[in-house]
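I have a structure here, written as structure tokens, and I will follow up with some questions on it.
Note that this is a predicted model, so its numbers are computed, not measured.
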Amino acid sequence: MSFLNSIKQALLPEKTLYYPGCITKFALSEIEDNYTEILKLLNINFIKLKEIEYCCGSPILNAGYKEEFREIIEKNTELLREHKITKIITNCPACYNTFNKYYNIKVEHITQTIINNIDKLILKDFEGKEIYYHDPCYLGRYSQIYDEPRNILKALNIEVQELSLNRERSQCCGAGGNVKANLPKTSNKIVESLIKREKITELITCCPMCFIQFKNTDIKVYELSQLII
């Protein structure tokens, strides 16, 4: 690319992709709809690639298939280049971590997008409501995104209850790292022990995998978007 073309490329407007991730896309379509609506309310100019997008590759990498992961990166990179995508917004912590670590593209977790534009939203008022917040592994320890979701909850007038193990010490819900798929009984024991230890009755998370994991228990669980829309 010539120097002049490089300048022209740099001056092109940012083209943003909303990437829901596989779990949200195939198992939680209502959550994808929520975030699509939230981005519209925030006046974010974005596109969706829907059925033509690929998995980010996180599950394959976790399973140890490094060569296949590199092939997925190549496919995704070509697709992003073809559609002139310069930025990705995703609600999936694992996708955020994967794009941020292995792809050469600007990526934002949707809690960052929301808190940076929160003045554009007409928020519900949950005054007096107390809810435990669970730090997802890939959003917290892997990506150091702790305050954004908490600040969104505070803006909703929710009093955030902290688990005894939170932030960088947060306990995995038991579903990540392909544990749910390969060791379902162990996965269930992990989440049940967490709930029992903390005496949780209501909990909120902003990870689709954690959301599904906690939904399969007896507690009331919310995905963040459900409190905004």
task: Would you kindly say whether N178 and N62 are connected by a side-chain donor-acceptor distance under 3.5 Å?
output: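 No donor-acceptor contact under 3.5 Å links the two side chains.
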task: Show your working on side-chain contact (heavy atoms from CB on, under 4.5 Å) between H83 and L49 and close with a plain yes or no.
output: CA-CA 9 Å; H83 291 272; L49 294 180; 3.8 Å; yes
Candidates I114, T90, T24 - the one meeting side chain to side chain contact (heavy atoms under 4.5 Å, CB included) with Y35: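 Of I114, T90, T24, side chain to side chain contact (heavy atoms under 4.5 Å, CB included) with Y35 is met by I114 alone.
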message: Using modelled atom types and a 3.5 Å cut-off, is there a donor and acceptor pairing between side-chain atoms of Q171 and backbone atoms of L165?
response: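 Absent.
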- prompt: Which heavy atom in C95 sits nearest to a heavy atom in G21, and how many Å separate them?
  reply: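 Result for this residue pair: SG-CA, 3.7 Å.
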message: For G174 versus I190, what's the shortest heavy-atom pair and its separation?
response: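 Distance-wise, the nearest heavy atoms are CA-CG2, 3.6 Å.
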- request: State, without any angle test, whether K106 and T86 hold a side-chain donor-acceptor pair at a distance under 3.5 Å.
  value: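 Side chains of K106 and T86: no pair found under 3.5 Å.
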message: Please check if the number of heavy atoms outside D119 that lie under 6.0 Å from its CG is greater than 12.
response: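 Counting other residues, nucleotides and ligands, CG of D119 exceeds 12 neighbours.
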- prompt: Nearest heavy-atom pair of C210 and T205: which atoms, and what distance?
  reply: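 Taking every non-hydrogen atom into account, CB-OG1, 3.7 Å.
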- request: Spell out, yes or no, whether I89 and I52 are grouped together once hydrophobic residues are joined by side-chain heavy atoms under 4.5 Å, including indirect joins.
  value: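 Shared cluster, yes.
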- prompt: Would I229 and I118 show up in the same hydrophobic cluster when neighbours are defined by side-chain heavy atoms closer than 4.5 Å?
  reply: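 Looking at the clustering, I118 is in the same group as I229.
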message: Would you say that more than 12 heavy atoms from the other residues, nucleotides or ligands in this model lie under 6.0 Å from the CG of D125, or not?
response: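 Enclosed.
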message: Checking E108 against T113: is there a side-chain donor and acceptor pair closer than 3.5 Å?
response: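 Short answer, yes.
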message: Can a side-chain donor-acceptor contact be found between K129 and N157 if the only test is distance below 3.5 angstrom?
response: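 No, because no side-chain N or O of N157 sits under 3.5 Å from a partner of the opposite role on K129.
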message: Determine whether I200 and L163 satisfy the following criterion, side-chain contact (heavy atoms from CB on, under 4.5 Å), listing intermediate values before the conclusion.
response: CA-CA 9 Å; I200 302 167; L163 301 172; 3.7 Å; yes
- prompt: Is P20 close to S29 at the side-chain level, that is, under 4.5 Å between some pair of heavy atoms?
  reply: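 No. Closest side-chain heavy atoms not under 4.5 Å.
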message: As an exercise, state the distance from NZ of K220 to CD of E202, rounded to the nearest 0.5 Å.
response: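 It is 7.5 Å, given to the nearest 0.5 Å.
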field: N45, CG atom: more than 12 neighbouring heavy atoms under 6.0 Å
entry: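 No, the 6.0 Å shell around CG holds no more than 12 heavy atoms from other groups.
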Check against side-chain contact (heavy atoms from CB on, under 4.5 Å), F214 and I195: CA-CA 9 Å; F214 283 111; I195 291 170; 4.2 Å; yes
field: Closest contact, heavy atoms only, L121 versus L42
entry: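 Nearest heavy atoms, L121 then L42: CG-CD2, 3.6 Å.
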query: Judged by atom type as modelled, is there a donor-acceptor pair below 3.5 Å linking the side chain of N116 to the main-chain atoms of Q112?
result: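 Flag set: sc N116 to bb Q112 pair under 3.5 Å.
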message: Looking at every heavy atom in both M209 and A175, which two are closest together, and how far apart are they?
response: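 Shortest heavy-atom contact: SD-O, 3.3 Å.
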query: Within the side chain of R141, is there an N or O that forms a donor-acceptor pair under 3.5 Å with the backbone of S170?
result: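 Yes; at least one donor-acceptor contact below 3.5 Å.
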- prompt: Are I212 and L28 close enough that some pair of their side-chain heavy atoms sits under 4.5 Å apart?
  reply: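 A side-chain contact exists here, since the closest heavy-atom pair is under 4.5 Å.
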query: Quick check: are there more than 12 heavy atoms from other residues, nucleotides or ligands sitting under 6.0 Å from NZ of K124?
result: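 It does: K124 NZ has more than 12 such atoms within range.
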- request: Treating Ile, Leu, Val, Met, Phe, Trp and Tyr as nodes and any side-chain heavy-atom pair under 4.5 angstrom as an edge, say whether V221 and I204 lie in one connected cluster.
  value: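 Yes, because V221 and I204 connect within a single hydrophobic cluster, where side-chain heavy atoms sit under 4.5 Å apart.
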- prompt: Got a second to check how far I158's CD1 is from L227's CG, nearest 0.5 Å?
  reply: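 Interatomic distance, I158 CD1 to L227 CG, rounded to 0.5 Å: 4.5 Å.
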task: Supply the atom-to-atom distance N91 CG to Y96 OH, rounded to the nearest 0.5 angstrom.
output: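 Separation between the atoms: 13.5 Å.
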query: CD/E32 to NZ/K50 distance, rounded to the nearest 0.5 angstrom?
result: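 That separation rounds to 8.5 Å.
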task: Given side-chain contact (heavy atoms from CB on, under 4.5 Å), test Q213 with K180 step by step and report yes or no.
output: CA-CA 9 Å; Q213 177 78 331; K180 186 70 173 180; 3.0 Å; yes
- prompt: So which heavy atom on V191 is nearest to which on C173, and how close?
  reply: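 What the structure gives for the nearest pair is CB-O, 3.3 Å.
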- prompt: Do I60 and Y142 sit in the same hydrophobic cluster, where Ile, Leu, Val, Met, Phe, Trp and Tyr count as joined when their side-chain heavy atoms come under 4.5 Å apart?
  reply: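 They do not share one cluster, since no chain of ILVMFWY contacts under 4.5 Å joins I60 to Y142.
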task: Specify whether F69 and Y102 have parallel, tilted or perpendicular ring planes, treating 30° as the upper limit for parallel and 60° as the lower limit for perpendicular.
output: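 Perpendicular, since the angle between the ring planes exceeds 60°.
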message: For Y65, I'd like to know if atom OH has over 12 heavy atoms of other residues, nucleotides or ligands within 6.0 Å.
response: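 No - once you tally the heavy atoms of other residues, nucleotides and ligands closer than 6.0 Å, there are 12 at most.
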- request: With sequence neighbours excluded, tell me which residues meet side chain to side chain contact (heavy atoms under 4.5 Å, CB included) with Q226.
  value: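 In terms of side chain to side chain contact (heavy atoms under 4.5 Å, CB included), with neighbours along the sequence ignored, Q226 is linked to I31, N34, F211, Y222, E223.
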- prompt: Should K48 and E53 count as an ion pair when the cut-off is N to O under 4.0 Å?
  reply: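 Not counted as a salt bridge, because no side-chain N and carboxylate O are separated by less than 4.0 Å.
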query: When rounded to the nearest 0.5 angstrom, what is the spacing between CD in E148 and CG in N151?
result: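 It comes to 7.0 Å.
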- request: State yes or no: do I110 and I228 share one hydrophobic cluster built from I, L, V, M, F, W and Y residues joined by side-chain heavy-atom distances below 4.5 Å, directly or via other members?
  value: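 The answer is yes; both residues are in one hydrophobic cluster.
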- request: Taking S143 for its side chain and I145 for its backbone only, find out whether a donor-acceptor pair lies under 3.5 Å.
  value: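 Looks like no, no N/O pair under 3.5 Å.
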field: Interatomic spacing from SG in C206 to NE2 in H109 - rounded to 0.5 Å
entry: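 So the SG of C206 and the NE2 of H109 are separated by 5.0 Å.
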task: State yes or no: are the ring centers of F99 and Y19 separated by less than 6.0 Å?
output: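 Close enough - the centres of the two rings lie under 6.0 Å apart.
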message: Regarding K154 and E159, does a basic nitrogen lie under 4.0 Å from an acidic carboxylate oxygen?
response: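 Not counted as a salt bridge, because no side-chain N and carboxylate O are separated by less than 4.0 Å.
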query: More than 12 heavy atoms of other residues, nucleotides or ligands under 6.0 Å from CD of Q144: is that the case?
result: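 Counting neighbours around CD of Q144, more than 12 heavy atoms of other residues, nucleotides or ligands fall under 6.0 Å, so yes.
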message: Donor-acceptor check, side chain of S187 to backbone of L183, threshold 3.5 angstrom: yes or no?
response: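 Flag not set: sc S187 to bb L183 has no pair under 3.5 Å.
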- prompt: Do K15 and K87 come within less than 4.5 Å of each other through their side chains, counting heavy atoms only?
  reply: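 A side-chain contact is absent here, since even the closest heavy-atom pair is not under 4.5 Å.
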Give every donor-acceptor pair under 3.5 Å between a side-chain atom in residues 73-80 and any protein atom, sequence neighbours left out.
| residue | atom | partner | partner atom | Å |
| --- | --- | --- | --- | --- |
| N76 | ND2 | C55 | O | 2.9 |
| N76 | ND2 | Y103 | OH | 3.0 |
| T77 | OG1 | I73 | O | 2.7 |
| E78 | OE1 | R81 | NH1 | 2.8 |

- prompt: Side-chain donor-acceptor pair under 3.5 Å between E192 and T217, yes or no?
  reply: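 No, no side-chain donor-acceptor pair sits under 3.5 Å.
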message: When you compare the side chain of Y18 with that of I44, does any pair of heavy atoms fall below 4.5 Å?
response: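 Side chain of I44 against side chain of Y18, heavy atoms only: no contact under 4.5 Å found.
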- prompt: Of L139, T111, D135, N166, which is the lone residue that meets side chain to side chain contact (heavy atoms under 4.5 Å, CB included) with Y146?
  reply: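 Checked L139, T111, D135, N166 against Y146; only one passes side chain to side chain contact (heavy atoms under 4.5 Å, CB included): D135.
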task: Decide yes or no for R150 and Y133: does some side-chain heavy atom of the first lie under 4.5 Å from some side-chain heavy atom of the second?
output: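 With C-beta onward as the side chain, the pair touches.
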- request: State whether a side-chain donor-acceptor pair under 3.5 Å links K120 with N117.
  value: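 Yes, because at least one side-chain N or O of K120 sits under 3.5 Å from a partner of the opposite role on N117.
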message: Contact between I105 and I85 at the side-chain level, heavy atoms closer than 4.5 Å - yes or no?
response: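 Yes - at least one pair of side-chain heavy atoms lies under 4.5 Å apart.
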